Each structure stands twice: as structure tokens, then as C-alpha cells.
Amino acid sequence: MKKAFALVLTLVMLLSAVPALAVEVSAPGVYPITNEKVTLNVWSGQLATFEDFETSEQNVWFEEFSGVDVVWTAANSSEKTEKFNLSIASPDRADVYLESISNDEVMLYAEDGVIIPLEDLIDEHTVYIKKLLEENPAVREQLTAPDGHIYQLVNFMYLAQEAVPKMWVYKPYLEAYTAATGKGKPVTTAEFKDMLIYFRDNDMNGNGKADEIPLTGTYHYGADGQDPIYWLANCFVDVTAGIETYYMPNGEGGFNFVANTDEFRAALKYANELFDEKLLVEDTYVQDLFQFRLLTSVPKDSLTVCVAAAPYPYRLLTYNADPSYTQWTDWEVIEPLQRPDGTQHIAGRREFNVGARTFITSNCENPEVAIKWLDYWYSDEGRAWSNFYGQEGKHWEWADVPSFGGSDKSVKSLVEWGTTQNVYWAQGWGPNTYRTRADYDAKAAADTATDNQLMACLACDAYAPYVTYSTVPQIVWCEDQDLIDERTDLKTQLDPLVTEYVTNFIMGKLDVNDDAVWEAYKADLESKGLSRLVEVQGLYFYGEE
């Protein structure tokens with residue numbers, strides 16, 4: 001009996017050590033994924049405005065369509081980090097995480113066997129992810145880790161917002177200026193200054209007060225607004241507003257610093273002229289976005305702001321459905337002005353936002369199923385769930401209304417949305433942040449006045465002939481921790497210092513026309529490690545030659 005029991009126990013142990021047989025999956029792009037019963041354990045953060053993954057219409061429909069049951073683990077924003085860390089460290093971790101991890105974590109989890117490479121799965125079992133990477137080889141290159149593997153999927157979004165610094169003029173004031181002078185929107189820096197002078201010296205809002213603000217903005221960029229210098233500087237030299245503002249890629253695997261060049265000095269001189277003549281107002285450098293929008297989000301007959309710097313409409317003013325208040329459509333962008341050499345050009349941060357998100361763990365018994373489950377959400381039909389809010393024919397339809405992109409049909413919602421919904425996931429994970437320009441173009445042109453994104457697209461269209469986007473990688477695989485720390489230390493010291501100098505030059509606290517002062521500025525930056533930072537920037541983003 002003992003020998004028999006031992007033999008049975010040995011057989012049980014051997015059988016338990018045999019990996020589960022992989023299920024047979026359908027061809028790429030064909031659904032259902034499998035005719036066998038398969039369950040995926042999926043982990044995701046959850047928005048407060050979304051009710052429940054398990055019972056959501058998207059999940060119920062896709063379980064039937066794909067043939068895959070999903071067991072969800074969700075965490076709200078306040079508990080997400082803690083729950084994620086506990087989950088990923090557990091031997092019972094999920095099969096798929098709709099979550100982003102740092103590149104350091106990617107390499108750590110890969111070395112520990114927690115996450116698996118995806119490139120073969122993508123090439124063999126996907127249609128839409130594979131197509132995206134084939135059409136954008138630079139994206140595939142950025143996703144690829146130093147060990148040659150891809151571990152996370154990609155977020156890929158057309159940027160209809162802050163990709164380029166912009167300048168906006170209030171249309172009724174521009175029309176009044178044109179009627180009085182015969183001039184239209186300015187093309188040169190001299191014409192721009194003349195227009196601001198007209199706004200300053202004439203009672204544009206007709207209230208009998210000299211309260212006009214010719215030009216303003218905020219002292220930030222992006223979600224916090226925009227400093228006018230970013231747009232003004234591009235009238236002289238390429239400057240990309242954002243994290244790497246004054247560090248321009250040189251096309252040779254390195255960077256040039258532009259805020260100490262003669263061209264940038266000319267931009268500062270011009271900005272200082274505007275400031276001295278009270279055309280660029282001092283409040284620009286003390287007000288935040290909230291204070292700025294208090295000036296622009298007002299009844300039209302009391303508007304004092306004539307020209308304003310803002311990356312996109314939502315940062316220009318707070319939308320008010322009351323037509324007596326200023327609307328996004330009351331403003332239009334001023335295209336980049338001619339530079340001294342006669343060219344019109346502006347540098348953009350990026351046309352597409354590229355990020356890494358969503359991975360499959362080694363716990364997943366059927367990674368082929370998981371990658372096909374994810375692949376569907378990169379298709380046009382799959383992405384429509386998040387981009388058009390639900391399923392075609394049930395939550396939205398194509399209506400005979402001209403689209404923003406010029407076609408005869410556009411997307412029309414069939415649902416009255418409330419404060420919470422249980423239709424589509426919209427969690428901001430990989431496929432749910434795959435948006436193209438075509439997704440914006442499908443919206444109704446009639447919605448332009450109330451849709452920040454559509455207004456932002458119009459502004460991008462106006463700038464399109466003049467913009468060149470940065471080639472700085474958005475996903476960076478620097479493994480040299482000493483270099484990372486050095487870069488952080490140098491940027492922490494130098495970036496605020498450059499901003500302080502730039503602001504002081506504009507406001508006249510430092511004389512930008514004084515050669516000695518300018519040379520002292522350059523020397524100060526150099527003494528703080530500028531040349532080394534420029535070198536480190538190249539090594540950090542591009543690696544060694």
C-alpha cells in the first residue's frame with residue numbers, strides 16, 4: 001500500500017509540474033479568439049465616474065464576441081499604487097495589467113521573470129498592434145528595451161492640444177483693427193507690435209477706460225497655461241515649449257542649447273520692447289492659469305485681453321454656454337511671424353504622444369489569447385468604444401451631418417450621458433489612448449464651438465505649414481543611474497535659473513542690451529555646468545555613439 005501510495009503521489013506531482021496545454025487560437029484579426037473555455041485575470045485602475053468592469057456593456061459584449069471570460073481586479077485612484085504593488089509582488093498576480101510601469105521596473109520585472117516579451121506574440125498573433133508598429137518604426141524602436149525585447153504595449157495619441165505654443169487674438173478686436181488700419185493679422189514682428197499698440201491706445205471694449213491688456217499669458221506651459229516667450233522666441237529661433245524647452249536636438253544624436261544664442265537674445269530684446277511699452281503686461285509673470293482665465297472668461301462687452309498666449313482653447317478660457325460670454329470661436333491663432341531671414345517657422349514638441357503601457361505576466365497560461373484580446377482594442381471598431389463612447393448602433397451612430405474632417409457623415413451620440421456610466425471602460429490604458437486625427441475628424445463640424453479638441457485641431461491646422469516636430473525620444477531607456485542622477489541634479493539647478501534670467505531680461509530687471517550683462521549670464525550658466533548638461537542630455541536620450 002505504501003508503495004502504491006508513493007507511486008500515485010509521484011504521478012500527481014509529475015502531472016502538476018507539466019504546464020497547461022496552450023489553447024488553439026484563431027488567426028490574427030479573427031474572433032472569437034478560441035472555441036475553448038479561457039479566462040483572463042486582468043488588473044486595472046478604475047475612474048470614479050465608471051461603475052463596474054464586470055457588468056459594463058463593453059465587457060459583457062466583448063466576452064461574447066471574443067470567447068474569453070475576464071476576471072477583473074480594479075483599484076480606484078486613491079488606492080491604486082498600493083494595490084498595484086501588492087498585486088504585482090504576489091505569486092497570484094494577474095495575467096494582464098492595464099497599467100504603466102517605469103523602464104527601471106520593466107527591466108527588473110523582466111530579469112525576475114515576472115513579465116514576458118511581447119514582440120513575437122505581436123508579430124504572430126496581432127493585426128492592429130503590428131500594423132501600428134510597422135507604420136511607426138520609431139515607436140517600435142522606442143518600445144524596445146536594451147535587451148532587444150518589447151515588454152509593454154504603446155499609448156499612441158494624436159496631439160490636438162499643446163504640441164505647439166500658440167498665440168490667440170480676439171476676433172472682434174482684430175476686425176476693428178483691420179477696419180481702422182486696413183491691416184489684417186500681422187506677419188512680421190513689427191506688424192505684431194503695431195497691432196498691440198493699437199489695442200493699447202484704443203478703447204477696444206468701448207467702456208471709456210484705458211483698461212486694455214494688449215498681450216498676456218501665464219508664467220507656465222501646458223496644463224498651466226503658456227508664457228508668451230515660447231511663441232515670441234520662435235519668431236527668431238526654434239524653441240520647443242515643455243520639458244526640454246531650450247535644448248534642441250541637433251540631428252546628430254545630441255543637443256544644442258539655444259537660450260544663450262544671438263538669435264534668442266534678439267527674441268528677448270523684442271519681448272523686452274513689448275514689456276517696456278506696456279504691450280506685454282507685467283501680470284503675465286505673477287498670474288497663474290486660474291487668474292489668467294478670470295480675465296478671458298468674461299462677458300464680451302467687458303473683455304480687456306486682446307491677445308493671449310495659450311497652448312490650446314481650454315487653457316485660453318473656461319467655456320461658458322452663455323453666448324454673451326467669450327467663446328473659443330471668438331478667438332483665432334496668429335500664425336508664426338516672419339523671422340529676420342524672412343522664413344516663418346515654429347518648433348513643436350511632438351505630433352503624437354507616445355508612451356508605454358499594458359503588459360502580460362508570466363502567470364498568463366495563454367499569452368496568445370491575451371495579446372489577441374488586447375489587439376482588438378487597437379482596431380477602428382475597438383477604439384471607437386473609447387473615442388466615440390460605446391458601440392456603434394447602440395451608443396452612437398453615423399448621422400447625415402457634415403463632419404469636422406469634411407465628410408458627409410459624422411458621429412452622433414445616442415445616449416444621454418450622466419455623471420457616471422457603465423458603458424465603456426475609458427481608463428486611459430494602452431488601447432484606450434490610441435487616437436488618431438481621423439478620430440477627431442469624425443466628429444460633427446457643428447460641435448466645433450463647444451469642443452475644445454476640435455478647436456485645438458483647427459489651431460493645429462493653421463500651424464501645420466510652419467511646424468517641425470522634435471525628434472527627442474519619448475520613451476527613454478537610460479540604464480546608467482549615475483548619469484540619470486547627474487542629469488537630474490544639473491537640470492534642477494539650471495532650468496529654474498534659465499527661467500529666472502529669461503523673465504528678468506524680459507521685464508528689464510537685467511539689461512539684455514548690455515553686452516557685459518549678457519556675457520555674465522552666459523558665464524553663470526557655464527559655471528553651473530551647462531556644457532556638461534548639454535552633453536548629458538545627448539547621452540541620456542540617445543546613448544553613446
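Because only heavy atoms are used, hydrogens play no part in the values below, and waters and symmetry mates are left out as well, while side chains stay in. Since the model is a prediction, treat every value here as computed from it, not as a measurement.
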Asker: Once rounded to the nearest 0.5 Å, what's the spacing between atom OG1 of Thr358 and atom CD1 of Ile129?
Answerer: 9.0 Å
Asker: Would you check if Pro214 and Val307 make a side-chain contact, meaning some heavy-atom pair closer than 4.5 Å?
Answerer: no
Asker: Before giving the answer on ring pair (Phe, Tyr, Trp, His ring centres under 6.0 Å), spell out for Phe255 and Tyr542 the whole-Å C-alpha distance, their side-chain angles and the decisive distance to 0.1 Å.
Answerer: CA-CA 10 Å; Phe255 288 83; Tyr542 299 107; 5.7 Å; yes
Asker: Do other residues, nucleotides or ligands put more than 12 heavy atoms under 6.0 Å from the OH atom of Tyr314?
Answerer: no
Asker: After noting the C-alpha distance and the side-chain angles of Trp331 and Val305, does the key distance pass the side-chain contact (heavy atoms from CB on, under 4.5 Å) rule?
Answerer: CA-CA 11 Å; Trp331 297 76; Val305 176; 4.0 Å; yes
Asker: May I ask you to decide if Ile101's main-chain N or O and Gln152's side chain share a donor-acceptor pair within less than 3.5 Å?
Answerer: yes
Asker: For the aromatic rings, using the six-membered ring if either is Trp, is the centroid distance between Tyr97 and Phe84 under 6.0 Å?
Answerer: yes
Asker: Counting only N and O atoms by type, is there a donor-acceptor contact under 3.5 Å from the side chain of Trp477 to the main-chain atoms of Gln142?
Answerer: yes
Asker: Using a cut-off of 6.0 Å, state whether more than 12 heavy atoms not belonging to Glu526 lie near its atom CD.
Answerer: yes
Asker: Do Glu519 and Lys522 meet the salt-bridge criterion of a basic N to acidic O distance under 4.0 Å?
Answerer: yes
Asker: Spell out, as yes or no, whether a donor-acceptor pair under 3.5 Å connects the side chain of Asn76 to the backbone of Ser78.
Answerer: yes
Asker: Please walk me through it: do Leu98 and Phe53 pass side-chain contact (heavy atoms from CB on, under 4.5 Å)?
Answerer: CA-CA 13 Å; Leu98 310 182; Phe53 281 104; 5.5 Å; no
Asker: So for atom CD, which belongs to Glu141, do other residues, nucleotides or ligands contribute more than 12 heavy atoms lying within a distance under 6.0 Å?
Answerer: no
Asker: Between Thr126 and Leu121, does a side-chain contact (heavy atoms from CB on, under 4.5 Å) hold up when you go through it step by step?
Answerer: CA-CA 7 Å; Thr126 74; Leu121 291 169; over 6 Å; no
Asker: Measure the CZ-OG1 distance between Arg93 and Thr73 for me, rounded to the nearest 0.5 Å.
Answerer: 13.5 Å
Asker: Between Arg339 and Glu263, does any NZ, NE, NH1 or NH2 come within less than 4.0 Å of an OD or OE carboxylate oxygen?
Answerer: no
Asker: For Tyr378 and Phe156, I'd like to know if the aromatic rings sit close, meaning centre-to-centre distance below 6.0 Å.
Answerer: no
Asker: So, does Asp480 use its side chain to make a donor-acceptor pair with the main chain of Leu483 at under 3.5 Å?
Answerer: yes
Asker: Has the side chain of Glu486 got a donor or acceptor atom that lies under 3.5 Å from a matching backbone atom of Leu490?
Answerer: no
Asker: Please determine, by modelled atom types, if Gln481 and Asp485 share a side-chain donor-acceptor pair under 3.5 angstrom.
Answerer: yes
Asker: We want to know whether Asp341 and Thr343 form a side-chain donor-acceptor pair, criterion being a heavy-atom distance below 3.5 angstrom.
Answerer: yes
Asker: Got Asp283 and Ile213 here, is their nearest side-chain heavy-atom distance under 4.5 Å?
Answerer: no
Asker: Closest approach of Ile115 and Ala110, non-hydrogen atoms and distance?
Answerer: CG1-N, 3.8 Å
Asker: Between Tyr128 and Tyr434, is the ring pair (Phe, Tyr, Trp, His ring centres under 6.0 Å) condition met? List the steps.
Answerer: CA-CA 11 Å; Tyr128 310 107; Tyr434 176 20; 9.5 Å; no
Asker: Any side-chain heavy atom of Val106 within less than 4.5 Å of one from Phe359?
Answerer: no
Asker: Please check if atom OH in Tyr109 has more than 12 non-hydrogen atoms from other residues, nucleotides or ligands closer than 6.0 Å.
Answerer: yes
Asker: side-chain contact (heavy atoms from CB on, under 4.5 Å) between Tyr501 and Asp524: does it pass, once the steps are laid out?
Answerer: CA-CA 10 Å; Tyr501 267 114; Asp524 191 20; 2.7 Å; yes
Asker: When rounded to the nearest 0.5 angstrom, what distance separates OG in Ser90 from CG in Asn85?
Answerer: 12.5 Å
Asker: Report yes if the distance between the aromatic ring centroids of Tyr424 and Tyr389 is under 6.0 Å, otherwise no.
Answerer: yes
Asker: So, taking the atom named CG in Asn363 and the one named CG in Asp95, what distance separates them when rounded to the nearest 0.5 Å?
Answerer: 6.5 Å
Asker: Just checking, any donor-acceptor pair under 3.5 angstrom between side chains of Arg315 and Tyr312?
Answerer: yes
Asker: I'd like to check Phe541 versus Arg487 (side-chain heavy atoms, cut-off strictly below 4.5 Å). Are they in contact?
Answerer: yes
Asker: Any chance you could measure Asn504, atom CG, to Thr499, atom OG1, to the nearest 0.5 Å?
Answerer: 11.0 Å
Asker: With a 4.5 Å cut-off on side-chain heavy atoms, are Ser379 and Val127 touching?
Answerer: no
Asker: What I want to find out is whether Asp489 reaches Arg532 closely enough, with some N-O distance under 4.0 Å, to be called a salt bridge.
Answerer: no
Asker: Are the side chains of Tyr158 and Cys460 in touch, meaning some heavy atoms are under 4.5 Å apart?
Answerer: yes
Asker: Assess whether side-chain hydrogen bond (donor to acceptor under 3.5 Å, both in side chains) is satisfied between Ser102 and Asp104, documenting all intermediate values.
Answerer: CA-CA 5 Å; Ser102 70; Asp104 289 342; 5.1 Å; no
Asker: Taking all atoms of both residues into account, what is the closest heavy-atom pair of Tyr247 and Lys491, and its distance?
Answerer: CE1-NZ, 4.1 Å
Asker: Which word best sums up how the rings of Tyr246 and Tyr230 line up, parallel for under 30°, tilted for 30 to 60°, or perpendicular for over 60°?
Answerer: tilted
Asker: How about Leu268 and Ile229: do any of their side-chain heavy atoms sit closer than 4.5 Å?
Answerer: yes
Asker: Hey, are His345 and Asp238 close enough side-chain-wise for a donor-acceptor pair under 3.5 Å?
Answerer: yes
Asker: Should the ring pair Trp72 and Trp425 be called parallel, tilted or perpendicular, given that the plane angle runs from 0 to 90° and is split at 30 and 60?
Answerer: perpendicular
Asker: Do Tyr285 and Ile506 come close enough that some side-chain heavy atom pair is under 4.5 Å?
Answerer: yes
Asker: So, Arg435 versus Asn387: side-chain donor-acceptor pair below 3.5 Å or not?
Answerer: yes
Asker: Tell me whether the guanidinium CZ or amine NZ of Arg265 lies under 6.0 angstrom from the six-membered ring centre of Phe236 and within 45° of its axis.
Answerer: no
Asker: So which atom in Thr189 and which in Tyr270 form the shortest heavy-atom distance, rounded to 0.1 Å?
Answerer: O-OH, 2.6 Å
Asker: How about NZ on Lys528, more than 12 heavy atoms from neighbouring residues, nucleotides or ligands closer than 6.0 Å, or not?
Answerer: yes
Asker: Would you check if the side chain of Asn103 reaches a backbone N or O of Val476 as a donor-acceptor pair within less than 3.5 Å?
Answerer: yes
Asker: Between Arg140 and Asp123, is the closest basic N to carboxylate O distance under 4.0 Å?
Answerer: yes
Asker: Would you name the heavy atoms of Ala370 and Val96 that are closest together and state the gap between them?
Answerer: CB-CG2, 3.8 Å
Asker: Ignoring hydrogens and geometry, is there a side-chain-to-backbone donor-acceptor pair from Ser386 to Arg383 under 3.5 Å?
Answerer: yes
Asker: Using atom types as modelled and distance alone, determine if a side-chain donor or acceptor of Ser100 lies under 3.5 Å from a backbone N or O of Ala356.
Answerer: yes
Asker: Return the CD to CD distance between Gln344 and Glu335, rounded to the nearest 0.5 Å.
Answerer: 8.0 Å
Asker: Can you find a side-chain donor-acceptor pair between Tyr466 and Asn234 that sits under 3.5 Å?
Answerer: no
Asker: For the side chain of Glu99 and the backbone of Trp43, is there at least one donor-acceptor N/O pair under 3.5 Å apart?
Answerer: no
Asker: Do Trp518 and Phe505 have their ring centres less than 6.0 Å from each other?
Answerer: yes
Asker: Test your reading of the model: is there a side-chain donor-acceptor pair from Arg350 to the backbone of Ala163, 3.5 Å cut-off?
Answerer: no
